[in-house]
Number of protein chains: 2
Amino acid sequence: MSKGLRTRREIVNTALTMALDVGLEGVTLGTLATELDLSKSGLFAHFRSKEALQLAVVAEAEAWFALTVVRPALALPRGEPRVQGLFEGFLRWVRGEIRAESADERPPALGGNRCIFMALAEEYDDRPGDVRDALVRAQRAWRATIERACRLAVDEGHFRRDVDPTQFAFEFMGVVMTFKHSLKLLEDDDAEPRARVAFGGLLARSRAVA
Amino acid sequence: MSKGLRTRREIVNTALTMALDVGLEGVTLGTLATELDLSKSGLFAHFRSKEALQLAVVAEAEAWFALTVVRPALALPRGEPRVQGLFEGFLRWVRGEIRAESADERPPALGGNRCIFMALAEEYDDRPGDVRDALVRAQRAWRATIERACRLAVDEGHFRRDVDPTQFAFEFMGVVMTFKHSLKLLEDDDAEPRARVAFGGLLARSRAVA
DNA sequence: CGACAATACGACCGATCGTGCTATTTTGCA
DNA sequence: TGCAAAATAGCACGATCGGTCGTATTGTCG
């Protein structure tokens, strides 16, 4: 990989980390450049606008999410185990545990740990533009992933036939969102067990009586 | 009420509305002054710092929330009706329907409609300061309100004795958060019925068999 | 090694940020 | 109605915003 692309990735990953603290609009070219020991103009040359940088950040977040959350779950057997894997992966993600594939790729967000998608959802939910569009696309894809896993669980006979995958994904998201809220804002130590109880209930309700 | 206090409220309510679009940090003294046909310094004189303005906005939001969500629910009979009232009020709030008590008090946020507390939760969940502290206090109070209503429902015999009010409030919040996410970001038309199904399930699980 | 393209830098632009200070207008009351 | 007090405006400040441009440095490859 060329020098340019390497620094570009460093920029994007650092911007991703900073965005967790101050939001994506709050990531400033100046502070970002200082953080990276780069000149502002040298940094800016990699993207022709700030919005391009923001889009790159969203794309990078998607890549890490796929690697950390989706991929490991897809390695699990289809049905309930995979659904559970998605949930566990999502918890890891919200806790800020991001894993790198190869050794030389350091993952972002070592300190500032929280789900950037939920942060961006609030930041952009009524701010039209390409960033919002990219975000919506990513979130819809994620919901679809949950739905697909749920549908497979129905097909496998793990879940009841009358389980609605869309409703399942809707409630799945709710559990993780309130988990994040409790953990990060309210600093509730019991957030994780409570999330497991809630999700356990959702699973139990969906499960076939067998 | 003196002229000063009146304009002060106008400022705060307008800032509240703007914060729904651009976040609380994103509300600029300049744009706020322009919006209100005030000079920047004239506006600034009402608060001695931007943070004071932000704190006033949070306090104002709490007041509207109490008026729109909590108060109507407390008028309902204790037990399940009151719990349901809190949920319906919260849905109204998230949809942006804020009611004024007296005619001369125009409520804020006519256009930009979404829950400012969820937005601030993301904005401040790792940004220490007085604003965050105020927000955390407000959110904990809200959770406590839900828990109290749930406990009363247990006492009234509407809910099962082994229902955990804290867990109930945790899941209650999850339903509304995923509702807001679906409605505002994903623009899902089915968000509201899905939220009702989810909450209905939560109620059904909590209900005493009787 | 030499050369050309890729990359980074420094200076600078107009605009706007939050925040003082002082002058002027407006308000409420004696 | 007059006057102190309250409210608002005017102006300026240092800093920083996203972005441009010309130039220097550096990486890459023949």
Side-chain angles (χ1 to χ4, degrees), chain A residues 1-58 60 104 120 123-124 127-132 134, chain B residues 1-58 60 104 120 123-124 127-132 134:
Chain A
M1 180 160 39
S2 72
K3 177 86 196 309
L5 287 184
R6 232 176 310 130
T7 55
R8 195 191 142 99
R9 279 201 69 147
E10 264 193 55
I11 293 172
V12 172
N13 275 326
T14 304
L16 176 51
T17 300
M18 295 178 69
L20 291 169
D21 281 343
V22 291
L24 201 43
E25 299 289 331
V27 175
T28 261
L29 299 181
T31 61
L32 184 54
T34 303
E35 178 80 17
L36 287 157
D37 279 311
L38 273 177
S39 72
K40 193 167 58 142
S41 54
L43 182 153
F44 185 77
H46 286 273
F47 319 86
R48 300 193 308 160
S49 73
K50 196 188 182 185
E51 196 183 38
L53 166 62
Q54 294 171 329
L55 289 171
V57 168
V58 173
E60 186 75 7
D104 53 57
L120 295 188
E123 203 172 346
Y124 288 95
R127 192 179 313 198
D130 290 346
V131 176
R132 189 200 133 102
Chain B
M1 178 159 40
S2 73
K3 176 86 198 308
L5 287 184
R6 232 176 310 130
T7 53
R8 194 191 142 101
R9 279 201 69 146
E10 263 193 55
I11 294 171
V12 172
N13 275 326
T14 305
L16 177 50
T17 300
M18 296 178 71
L20 291 169
D21 281 342
V22 292
L24 200 43
E25 299 290 331
V27 175
T28 261
L29 300 182
T31 61
L32 185 53
T34 303
E35 179 81 17
L36 287 157
D37 279 311
L38 272 178
S39 72
K40 195 167 55 140
S41 55
L43 182 153
F44 184 76
H46 284 273
F47 319 86
R48 302 192 308 156
S49 73
K50 194 188 184 183
E51 197 184 37
L53 167 62
Q54 295 172 328
L55 290 171
V57 168
V58 173
E60 187 74 5
D104 53 58
L120 295 187
E123 201 173 347
Y124 287 96
R127 191 180 314 197
D130 290 346
V131 177
R132 189 202 132 104

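Note: hydrogens, waters and symmetry copies are ignored here, and every other heavy atom, side chains too, is used.
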Choosing from D:dG19, C:dT19, C:dC17, which nucleotide comes nearest the side chain of B:Thr31? C:dC17
Atom-pair distance (CZ on A:Phe47; P on C:dT7), nearest Å: 12 Å
side-chain N/O A:Ser39 vs C:dA8 OP1/OP2, d < 4.0 Å: no
Expressed as a whole number of angstroms, how long is the span from B:Glu25:CD to D:dT16:C1'? 15 Å
Does B:Lys3 make a side-chain donor-acceptor contact with the base of C:dG28, cut-off 3.5 Å? no
Going by heavy atoms in the side chains, are B:Leu38 and B:Ile11 under 4.5 Å from each other? yes
Could you check whether A:Ser41 gets within reach of a base, just the sugar-phosphate, or nothing at all, counting any heavy atom under 4.0 Å? base
For B:Phe47 against B:Ala56, the heavy-atom pair lying closest together: CE2-CB, 4.2 Å
A:Leu38 has a side chain; which of C:dC9, D:dT28, C:dT19 sits nearest to it? C:dC9
A:Lys50 has its side chain closest, among C:dC17, C:dA8, D:dG19, to D:dG19
Look at B:Ser2 and D:dA7 and indicate whether a side-chain polar atom (N or O) is within less than 4.0 Å of OP1 or OP2. yes
Over how many whole Å does the gap from B:Gln54 atom CD to C:dG18 atom C1' extend? 11 Å
Please classify the nucleic acid contact of A:Ala45 as base, sugar-phosphate, or nothing, using heavy-atom distances under 4.0 Å. nothing
In Å and rounded to the nearest 0.5 Å, what is the CG to NE2 distance from B:Leu53 to B:His46? 11.0 Å
Can you tell me how far P of D:dA7 sits from CZ of B:Arg9, to the nearest Å? 16 Å
Between D:dA9 (C1') and B:His46 (NE2): distance, integer Å: 12 Å
The answer to which of B:Leu5 and A:Leu29 contacts DNA chain D further toward the 5' end, by nearest nucleotide, is B:Leu5
With a 4.0 Å cutoff (strictly under), does any side-chain N or O of A:Thr7 reach OP1 or OP2 of C:dA8? yes
Distance check needed: D:dA9 C1' versus B:Leu36 CG, whole Å only. 15 Å
Determine the minimum heavy-atom distance between A:Lys50 and A:Glu25, stating which atoms define it. NZ-O, 2.9 Å
Measure the distance from CZ on A:Arg6 to C1' on D:dT26 and round it to the nearest whole Å. 13 Å
When you look at B:Leu24 and B:Val58, which way does the side chain to side chain contact (heavy atoms under 4.5 Å, CB included) test go after all the steps? CA-CA 9 Å; B:Leu24 200 43; B:Val58 173; 4.2 Å; yes
Quickly work out the A:Leu32 CG to D:dG19 P distance and round it to whole Å. 13 Å
Is A:Lys40 side chain donor-acceptor paired with the D:dG18 base, going by distance under 3.5 Å alone? yes
